[in-house]
Amino acid sequence: MTDEERRSLPLFPIRVVKQLTQLTPRQIRYYEEHRLIYPERTEGNQRLFSFNDVDRLLEVKRLIDQGVNLAGIKEIMQLELESQAQLDLQDEEEKETKRELSDRELRRHMKREAMMAASQKKTSMIQGQLSHFFH
DNA sequence: CTTCTCACA
DNA sequence: TGTGAGAA
């Protein structure tokens with residue numbers, strides 16, 4: 001299981017999130033209504049929040065305290081999503097670069113092996129020529 | 001306990 | 001932006 005999957009698991013009822021964030025249940029539902037969080041539901045239609053949801057709520061709370069309105073918070077979170085996507089892309093490029101480096105190292109290794117083999121042949125050829133002289 | 005909706009500031 | 005009340 002990846003970290004992202006772990007952070008997205010629906011785990012907490014609203015009463016726990018309330019304690020974790022110091023937000024009123026009313027506010028928490030209000031933020032969901034305005035699509036700042038996306039909690040899952042139980043079979044009884046009760047909200048289940050993930051670590052991600054709690055983190056987002058804490059971020060929302062922080063931004064509200066700083067006087068940012070909900071529209072502004074959405075924009076900020078959207079920007080964070082995009083910059084995170086950019087970081088993921090850079091990660092992939094880095095991995096690809098490493099794969100290319102590995103390939104070069106492999107070729108260098110193969111070249112060394114080829115040269116070793118060639119020098120072995122030279123040696124045995126010289127030995128053959130020398131053995132000819134010693135006849 | 002939680003859900004939703006309507007009203008209200 | 002958020003609350004209170006009331007019903008389920």
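Proteins get letters first, then strands, A, B, ... in listed order; numbering begins at 1 in each.
With A:Gln27 contributing its side chain and A:Thr24 its backbone, the two residues share a donor-acceptor pair below 3.5 Å. The main-chain N or O of A:Thr21 is found under 3.5 Å from a side-chain atom of A:Lys61 such that the two form a donor-acceptor pair. Not a single donor-acceptor pair under 3.5 Å links the side chain of A:Arg47 to the backbone N or O of A:Pro13. With hydrogens and angles ignored, the 3.5 Å screen pairs no side-chain donor or acceptor of A:Gln19 with any backbone N or O of A:Val16.
For the OP1/OP2 pair of C:dT3 and a distance below 4.0 Å, the side-chain nitrogens and oxygens of A:Thr24 include at least one atom meeting the criterion. Using a 4.0 Å cut-off, some side-chain N or O of A:Arg47 falls inside it from OP1 or OP2 of B:dT3.
Atom CG in A:Leu57 sits about 12 Å away from atom P in C:dG2, given to the nearest Å. Atom pair A:Gln27:CD and C:dG2:P shows a separation of 5 Å (rounding to whole Å applied). Going from atom CZ of A:Phe12 over to atom P of B:dT2 covers 15 Å, rounded to whole Å. Rounding to whole angstrom units, CG of residue A:Leu63 and P of C:dG2 are separated by 12 Å.
Picking from C:dG2, B:dT3, C:dT3 the nucleotide with the shortest atom distance to the side chain of A:Asn45 gives B:dT3. For A:Arg15, the side-chain atoms get nearest to B:dC1 when compared with the rest of B:dC1, C:dT3, C:dG2.
Within a 6.0 Å radius of CZ in A:Arg41, more than 12 heavy atoms belonging to other residues, nucleotides or ligands are found.
In summary, the side chains of A:Ser8 and A:Glu4 do present a donor paired with an acceptor at a separation below 3.5 Å, with no hydrogens or angles considered.
Against DNA chain C, the stretch residues 28-42 of chain A makes heavy-atom approaches under 4.0 Å through A:Tyr30, A:Tyr31.
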